[in-house]
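These numbers come from a predicted model, not from an experiment. Atoms within a ligand are numbered from 1 in the order they appear, just like the ligands themselves.
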Amino acid sequence: MSRPIQVLIDSAAIAHNYRRIKALAPNAKVYAVAKANGYGHGLERVAAAVPDADGFALVEFNWAVALRETGVTQPILLLEGVFSADEMAGASRHALTVAVHEERALVWLETLTLPRPVDIYVKLNTGMNRLGFAAEAAGAVVARLKACPNVGSITLMTHFATADDPERGIAKPLARFDTAAAGLGLPMTLANSAAIFDFPEVHRDWVRPGIALYGATPFAHRSAASLGLVAAMSLQSEIIGVQTLQAGDAVGYAAAFTASGPMRIGVIACGYADGYPRHAPTGTPVLVGGVRTRLLGRVSMDMLAVDLSDLPQAQIGTPVELWGKNLPIDEVANAAGTIGYELMCAVALRVPVRTL
Ligand SMILES: *Cc1c(COP(=O)(O)O)cnc(C)c1O
């Protein structure tokens, strides 16, 4: 047997979460957002889990082409657009839908000779100030696109910075968007996962769930379970070493944890080179043999240590869940000062994947 770490991907959980989103937004079409290799779950695995998704959304041109070449016929939307005239031509060839957010891409559409018209999402900046034309320019941008034979359908798009924050919400960007969109008569897409749950008024024509599809929460203070979501990813390993400490004995690099009395600890085959967050402190939850215990000391490249004081039966070979079905990724992320999104995306290439 090889090093015992593995990541389990539960296709049925992804399908369940997709249906949950469909039930919340029954009148909208759903882009399964699968950038970053399907938030670490594997692009092809995600596509296979929801073969009936209304569309897929990515940011990586090459992976979008690869997805098209697996036979996916639904719209594939490039959320960050294309990065060169060549890619605009490629988008045309492979029937990829392109978010256009700046002048340069407009000029490509106006000047290239393309094999077929490209469906366009006009990305409007409503206050996040990342990508997009100022919302107020929507009319002028749409007029240019409508005059352009390289352009197929046109959809308006924006992205919210604080849909997950009940204090700030979406009122201001939404007003800006609706003012800009008024009278244009175009389909639109606004909602990420957080907005799908909390703001049904922005479901509109298409919604764009990412994190919810994978069964983690977009909210700081609401669990995935409370949203009716099921974790699709479980990171599992085993205890590969056991040590007995006396008062004053320390664990791992920098001797960052010191025992105050006799205790047993377990060493687990999982470290930051597997994608476990190095900044997770002592106290971060870990499930050992189905029982919740705590991380001790520094996470190293290939190993981490846990407290076995209350787990006398735990030994070499005892199974461990770092996050997953029984230990929400959001709790681990929270303990490590990050979000579930980052942990999912960071699972390393060396971790074998098993699809359920
Ligand atoms: C990543 C992304 C999403 C999905 O966001 P979640 O919070 O994961 O639901 C939606 N829209 C755009 C433009 C994105 O980049």
Heavy-atom pairs closer than 4.0 Å: do any link ligand 1 to the side chain of Arg208, the backbone, both, or neither?
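Answer for Arg208: both.
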Counting only heavy atoms closer than 4.0 Å, does ligand 1 sit against the backbone of Pro218, its side chain, both, or neither?
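The answer is neither; Pro218 stays 4.0 Å or more away.
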Distance alone, cut at 3.5 Å: any donor-acceptor contact between the side chains of [X] and [Y]?
X	Y	value
Asn334	Asp330	no
Thr217	Ser223	no
Thr355	Arg45	yes
Ser309	Asp307	yes
Arg130	His101	no

Close-contact set for ligand 1 against [X] heavy atoms, below 4.0 Å:
X	value
Tyr341	6 (P), 7 (O), 8 (O)
Ile211	6 (P), 8 (O), 9 (O)
Asn192	5 (O), 9 (O)
Tyr39	1 (C), 4 (C), 5 (O), 6 (P), 8 (O)

Are any of the N/O atoms in Lys123 less than 3.5 Å from those in ligand 1?
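Not met; the criterion fails.
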Can an N or O of Ala212 be found at a distance shorter than 3.5 Å from an N or O of ligand 1?
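No; every N/O pair is 3.5 Å or more apart.
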Mind checking whether Ser193 and Phe219 have side chains closer than 4.5 Å, heavy atoms only?
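Result no, sub-4.5 Å side-chain heavy-atom pair not found.
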With rounding to the nearest 0.5 angstrom, report the CG to OH distance, Leu78 to Tyr121.
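Leu78 CG to Tyr121 OH: 11.5 Å, rounded to 0.5 Å.
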Could you state whether Val7 and Val230 fall into the same hydrophobic cluster, counting links through intermediate Ile, Leu, Val, Met, Phe, Trp or Tyr residues with side-chain heavy atoms under 4.5 angstrom apart?
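Unlinked, Val7 and Val230 end up in two clusters.
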May I ask you to identify the nearest protein heavy atom to [atom], giving residue, atom name and distance to one decimal place in Å?
atom	answer
atom 2 (C) of ligand 1	Lys35 NZ, 2.5 Å
atom 9 (O) of ligand 1	Ser193 OG, 2.5 Å
atom 12 (C) of ligand 1	His159 CE1, 3.5 Å

